[in-house]
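Reading through the structure tokens given below for one structure.
Given the structure is predicted, the values throughout are model-derived calculations rather than measurements. In each ligand, atom 1 is the first atom listed, and ligand 1 is the first ligand listed.
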Amino acid sequence: MNRLSIKIKVTLWYVAFMLIIVLLVLTFILSISDNLLRSSSQSQLKSIVEKSLEEIEFDDGALEIDDDLDFFQNGAYLSVYDKNGSLVYGRTPSDFTGNIAFSSGEMQTVGDGDQQWYVYDLLMPIEGYGDIWVRGVTSPTDSEGSIQTMKGLAIIALPFIVILGAVGGYYITKRAFRPISKIIESAETISGGNDLSKRINLGSGKDEIYTLARTFDSMFMRLQQSFESEKQFTADASHELRTPTSVIISQCEYALENAKDLDETKEALSVVLAQSKKMSGLIAQLLTLARTDKGSQILNLELVNISEIAEMVIEEQRFLTEDKHIEIQSQIEPNIILRADQTMLMRLLINLISNAIAYGKNGGHIWVELIREEILIRGIVKDDGIGIAEEKLGKIWDRFFQVDPSRTAGKSEGMGLGLSMCQWICEAHGGEIYVESVFGEGSTFYFKIPFTS
Ligand code: ADP
């Protein structure tokens, strides 16, 4: 049974049910109508015989039968016999051969399958004459015959009905299951050839199978996206790590083979140190990002004074502005306290302000603002630097995306990971971050963090 396809199984099941139901209904209908017809022709015969008794009397030494009495009425034959069983009046049907004993008040059935008769006798004492028998004979009505014909027809037609039902049912089931075959086909192609770009594409039907196909399609889409971003991430990460690694190797080789004095060795070592710091920063960021991806980077929530953090970060970052003579102005509402992850909030502000410095113009300005609103904190980091071209605005949140990698020279960890980290931090706190920028005029980053994250 398990080897049969689901289509055959469904067809077999409902053909079996259909057969049982048709048989039950047919048996029920036929037996009810059979009984109804039989009892109606028998009760008619009975009443004819009973009524006829009133028409028979004994007068002047002879039996007298009223003129009203019809010896053939409604398909029933009437006959009167004396107590010895000799016919006195009336007649029986010409082909009635039944030599059957009298039995008063009992409905008797005689004859074979082809020709049947109902016989009903009544014994009546007639004063002065003695007992007489009145016998009524009738044959089952035509309708009863049609019931028999119907039975025969039903028996012949039933196998055809079942075959027709089975074929039609199989066809309908096959049609209904066609989408399933498509789903199986696509799933097999995907798992067999690792082609995650394949979709079932059933269309816009509303039933369960269409919904299932759409669910699969969106699952395939998410799988494809996550596989691709994973691949991209690995490729980008190894690319970013390769540059500092090759610099370290070449500096070490140079120092070992060519360094003539301690100064040259120290110079090589300081390059090695700078590149190692870059790598270490990158590895730390990669680790955090990998944890956010897995969902295992848990926020360490505590009551945090974000105003103090902002002031502290601004002070720290001021050192980096000296080369470019950038002025940082701020308006921080004091003592804004919320439940948040202190390290993450610090990272958010450092990333935004260090970007504003790195991509700010010489002698430019940076504006940092922190405002307490009813249910959230609104932060703004604005600069009048190089700005971001409109077509690049959507991409800056992607990992490893840099509009111009050569511009990050002033940043120690500039690898295109900062803003994607900022986005994760805001979203993990239930907030959001977005940017407005005009190329050549400057950028403004806005973030909102609700008090109840
Ligand atoms: P990066 O390490 O390169 O700074 P980020 O993720 O912090 O990486 O930023 C991604 C890119 O967005 C940057 O390379 C830069 O091109 C652009 N960007 C970010 N902040 C600014 C800003 N304030 N002004 C102009 N461009 C910016």
Item to check | Residues E264 and Y254: side-chain donor-acceptor under 3.5 angstrom | outcome: yes
Item to check | Proximal atoms of ligand 1 relative to G416 (non-hydrogen, under 4.0 Å) | outcome: 1 (P), 2 (O), 3 (O), 6 (O), 8 (O)
Checklist entry - Are any side-chain N or O atoms of S186 and backbone N or O atoms of K182, one a donor and one an acceptor, separated by less than 3.5 Å? => result yes
Item to check | N or O contact, L419 vs ligand 1, cut-off under 3.5 Å | outcome: yes
Checklist entry - Does even one non-hydrogen atom of G385 get within less than 4.0 Å of ligand 1? => result no
Item to check | Atom indices of ligand 1, in the order listed, that fall short of 4.0 Å to a heavy atom of V403 | outcome: 14 (O), 16 (O)
Item to check | Any donor-acceptor N or O pair under 3.5 Å, side chains E436, Y446 | outcome: yes
Next on the checklist: Under a 4.0 angstrom heavy-atom cut-off, which atoms of ligand 1 come close to S443?
Outcome noted: 22 (C), 24 (N), 25 (C)
Checklist entry - Does W397 have a non-hydrogen atom less than 4.0 Å from ligand 1? => result no
Item to check | Result of checking I366, V368, N355 against D383 for side-chain contact (heavy atoms from CB on, under 4.5 Å) | outcome: I366
Item to check | Closest non-hydrogen atom pair between R378 and Y434, with its separation | outcome: NH1-OH, 4.2 Å
Checklist entry - Hey, is F401 touching ligand 1 through its side chain, its backbone, both or neither, going by heavy atoms under 4.0 Å? => result backbone
Checklist entry - Which heavy atom of V247 sits nearest a heavy atom of Q275, and at what distance? => result CG1-CG, 3.5 Å
Next on the checklist: Closer than 4.0 Å to some heavy atom of G387 - which atoms of ligand 1 meet that?
Outcome noted: 25 (C)
Next on the checklist: In terms of relative ring orientation, are W397 and F445 parallel, tilted or perpendicular, with 30° and 60° separating the classes?
Outcome noted: perpendicular
Checklist entry - Would you call L417 a ligand 1 contact, heavy-atom distance under 4.0 Å? => result yes
Checklist entry - Any nitrogen or oxygen of S420, main chain or side chain, under 3.5 Å from a nitrogen or oxygen of ligand 1? => result no
Checklist entry - Taking atom types as modelled and ignoring hydrogens, do the side chains of R399 and Q285 form a donor-acceptor contact shorter than 3.5 angstrom? => result no
Item to check | Contacting atoms of ligand 1, where contact means under 4.0 angstrom from a heavy atom of I396 | outcome: 10 (C), 12 (O)
